[in-house]
Enquirer: 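Sharing a structure here in structure tokens format.
First the proteins, then the strands, lettered A, B, ... as listed; each starts at 1.
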Amino acid sequence: MDLLLNVLLGVVVAATPLVFASIGELVAEKSGVLNLGVEGMMIVGAIAAFAGTVASGSYVVGILTGALAGAAMAALFGVLTLTLMSNQVACGLALTLFGLGLSALIGQAYSGVSLPQFPRLDIPVLSEIPFVGPLIFGQDALVYLSFALVAAVAWFLTRTRAGLVLRAVGENHDAAHGIGYPVIAIRYLAVMFGGACAGLGGAYLSLVQTPLWVEKMTAGRGWIALALVVFASWRPLRVLGGAYLFGGITIMQLHSQALGLKIDAQILSMLPYIATIVVLVVISRDRVKMKLNAPSCLGKVFYATS
Amino acid sequence: MKRAFRMFAALGAALTLALGATAAAQAADPLKVAFVYVGPIGDHGWSYQHDVGRKAVEREFGDKVKVSYVENVSEGPDAERVIAQLAQGGADLIFTTSFGFMNPTIKVASRFPKVKFEHATGFKTAKNVSIYNARFYEGRYIAGIISAKLSKTGTIGYIASFPIPEVVMGINAAYLGAKTVNPDIKIKTIWVSSWFDPGKESDAAKALADQGADVLMQHTDSPAAMKFAEERGIHAFGQASDMAAFGPKAQLTSILDDWNYYYIDRVKAVMDGTWATKDTWDGLKEKMVELAPYGPAVPEDVRTLADATKAKIISGELHPFTGPINKQDGSPWLKAGEKASDKDLLSMNFFVQGVEGSLPK
């Protein structure tokens, strides 16, 4: 029972950065912008959050710095692709490379610096319930925030007028422009929201999961977040499920190795990727629905014609 | 178009001439030594340690040498370009410090026969290419002894990267060391399939601790596991450089790489004109492998035991891989008293009897 609880607690830690990064990217993509720079925004968020926390001594300040830094990176991407109308794929890749370099530069002063363990929000009484208590009521604030964000995004996209407008911009920017919606401004906001979320994902990595700063510490998580969005067919709850599935199998394969199961480590290492892709592809195999969910203008440059 | 091309070619030729001229002019100038690193010098591990060696060369020879380095060079075509550029720029001696630089080094070396090359951890030599490596397994054997002494659960956790001989050798050495203290010791291994993924290394450390390991060893490059051990209140060994900053209470010791004397020797050899192709595999004896100062958790008697073991390895009285040793499946490998040959070690692809888990093939 203890082992199971530990496994599940580990899953939450492994999944949360992915939840943040992919839910942000989902919003950006729903507005029609493909930002491949998630990895870059995440790593800049990671160092900014770490530096902010070290400088101010406050986790709240640090987390906000991380989110702002991610949003600033996204704004840069916006200037390039929305205002200057450059190719989104190329700019996204450039943003990742830039982010890795920039974070290494800022991070030089922070390698070897240590932070204390991130505090858990132990909700009194409830967190003392055996098993369920620590799992559901004993997480840190960022985990609760990640769930709240997913719920908020799901609600925003499907239940609010603003969400409808955002989706309209992603489906057909010319029509949205024709009706009079500020396509570029809406996309800026969506992209910057995505950046802030990626920054939070990075912050979780450097403040909670490890907690330390080392160069290139995102190690490809931004790319996984990107893939999750597509395989979850742009549905917030599936993104959440996909992130937990991926995190879950990652942790489980580590545990099964430690248990000494006679399965090749390479196969176990592949499992999270394969299982997540297979499951998400299977649940979203309906091509008609898939098409309905995929933003039609994804990755297309918008020229205001009139 | 054609004309433009011709102009370009002429320009190229002029440039080559100019470069050749500077190279000739520099013959009387300080010896030019260059280093190529795979990671950032701030990685707190492998590349950092090589850079310490570079600084030692600078200190030793002062203005008799001109030292430069390139960091973050990825293994592959990029490496060849960087090494060639350094050779072209008039470097007399180039150290390439990662396994993956092997083929690029050999390739560039054949184009610049007058430049001397030194490649770390590889196995290909040439007329102007030497190789050097350290016997990390000697340090890991001692780490195994210390961990068995300190483990209350009798379980050691090992975070491994890839099943190459270097890593397999380390796990076997640690187990054999631990077994001399506690015959029932268990070693649990997790392969994270990466040299560097702090998040995953931390998750693996957590999984090992959850399953009862109270001493962690790693053959991955980030200090994440050390940091985790500090928080969990268990112990760990650092990798490549001293990681005490990340685990002041947790670190028992680190297995350090010390390249300083080797670099100084080789630079001197080039200056004296005695440089020749060499295959170096040094260990504790030559101090290429060292142990960081013991952490506060290591009690006096364990320190004495570890020091005594170290002294025996240095004197040659003890070889970590001395028979009788069986392979994991029970088939015999070394007869009683037989010592493993370097060739056997460098191609090791099996666990010894007693190590749990399967070795990925």
Side-chain angles (χ1 to χ4, degrees), chain A residues 2-7 9-11 13-14 17-18 46 100-101 104-105 107-118 204-206 208-221 247 250-270 272, chain B residues 39-45 48 71-72 155 157-160 162-163 186-213 221-228 230-232 241 243-248 355-361:
Chain A
D2 263 2
L3 184 59
L4 182 64
L5 177 64
N6 281 326
V7 171
L9 286 172
V11 172
V13 172
L18 296 175
L100 288 171
L105 183 68
Q108 274 178 352
Y110 294 94
S111 63
V113 178
S114 266
L115 282 176
Q117 190 162 18
F118 196 78
Y204 194 82
L205 204 63
S206 66
V208 186
Q209 193 171 3
T210 43
L212 49 88
W213 163 254
V214 249
E215 273 187 57
K216 296 181 184 164
M217 67 182 301
T218 43
R221 279 170 186 72
T250 305
I251 297 299
M252 249 144 10
Q253 68 98 352
L254 293 176
H255 272 278
S256 65
Q257 282 197 47
L259 280 174
L261 296 190
K262 293 241 177 260
I263 308 171
D264 268 355
Q266 286 99 334
I267 293 177
L268 287 171
S269 301
M270 279 191 290
Chain B
I41 54 174
D43 70 350
H44 276 274
Y48 172 82
E71 56 178 338
N72 275 320
T155 305
Y158 207 111
I159 303 163
F162 296 101
K186 276 193 183 156
I187 195 157
K188 283 179 187 280
T189 310
I190 291 185
W191 300 90
V192 291
S193 303
S194 170
W195 283 113
F196 185 82
D197 181 343
K200 206 167 173 191
E201 289 168 50
S202 180
D203 288 343
K206 189 167 181 300
L208 288 165
D210 288 345
Q211 293 200 18
D221 290 347
S222 96
M226 179 63 72
K227 179 81 188 155
F228 168 82
E230 179 77 12
E231 258 150 36
R232 182 61 82 90
S241 72
M243 292 181 176
F246 299 94
V355 177
E356 281 179 29
S358 63
L359 186 60
K361 292 268 152 59

Enquirer: Within a strict 4.5 Å, meaning less than it, do heavy atoms of the Met270(A) and Ser193(B) side chains meet?
Expert: no
Enquirer: Quick one: closest heavy-atom pair of Leu115(A) and Glu231(B), and the distance?
Expert: O-OE2, 4.1 Å
Enquirer: If you round to the nearest 0.5 Å, how far is CE of Met217(A) from OG of Ser202(B)?
Expert: 8.5 Å
Enquirer: Under 4.5 Å heavy-atom distance to chain B, tell me which part of Pro17(A) shows up: side chain, backbone, both or neither.
Expert: neither
Enquirer: Ignoring hydrogens, what is the shortest heavy-atom contact between Asn6(A) and Lys206(B)? Give both atom names and the distance.
Expert: O-NZ, 3.5 Å
Enquirer: Work out which heavy atom in Glu215(A) is nearest to a heavy atom in Asn72(B); give both atom names and the distance.
Expert: OE1-ND2, 4.2 Å
Enquirer: Of all of Glu201(B), Lys200(B), Glu356(B), Glu230(B), which one pairs up most often with chain A through heavy atoms under 4.5 Å apart?
Expert: Lys200(B)
Enquirer: Which atom pair, heavy atoms only, marks the closest approach of Leu259(A) to Lys188(B)?
Expert: CA-NZ, 4.3 Å
Enquirer: Before you tell me yes or no, could you show the steps for Gln209(A) and Asp203(B) under side-chain hydrogen bond (donor to acceptor under 3.5 Å, both in side chains), namely the whole-Å CA-CA distance, both residues' side-chain angles and the distance that decides it to 0.1 Å?
Expert: CA-CA 8 Å; Gln209(A) 193 171 3; Asp203(B) 288 343; 3.1 Å; yes
Enquirer: For the residue pair Leu254(A) and Val192(B), what are the closest heavy atoms and their distance?
Expert: CD2-CG1, 4.3 Å
Enquirer: Of Val214(A), Thr210(A), Leu212(A), which meets side chain to side chain contact (heavy atoms under 4.5 Å, CB included) against Phe246(B)?
Expert: Leu212(A)
Enquirer: Should Arg221(A) and Asp197(B) count as side-chain neighbours, where that means a heavy-atom distance under 4.5 Å?
Expert: yes
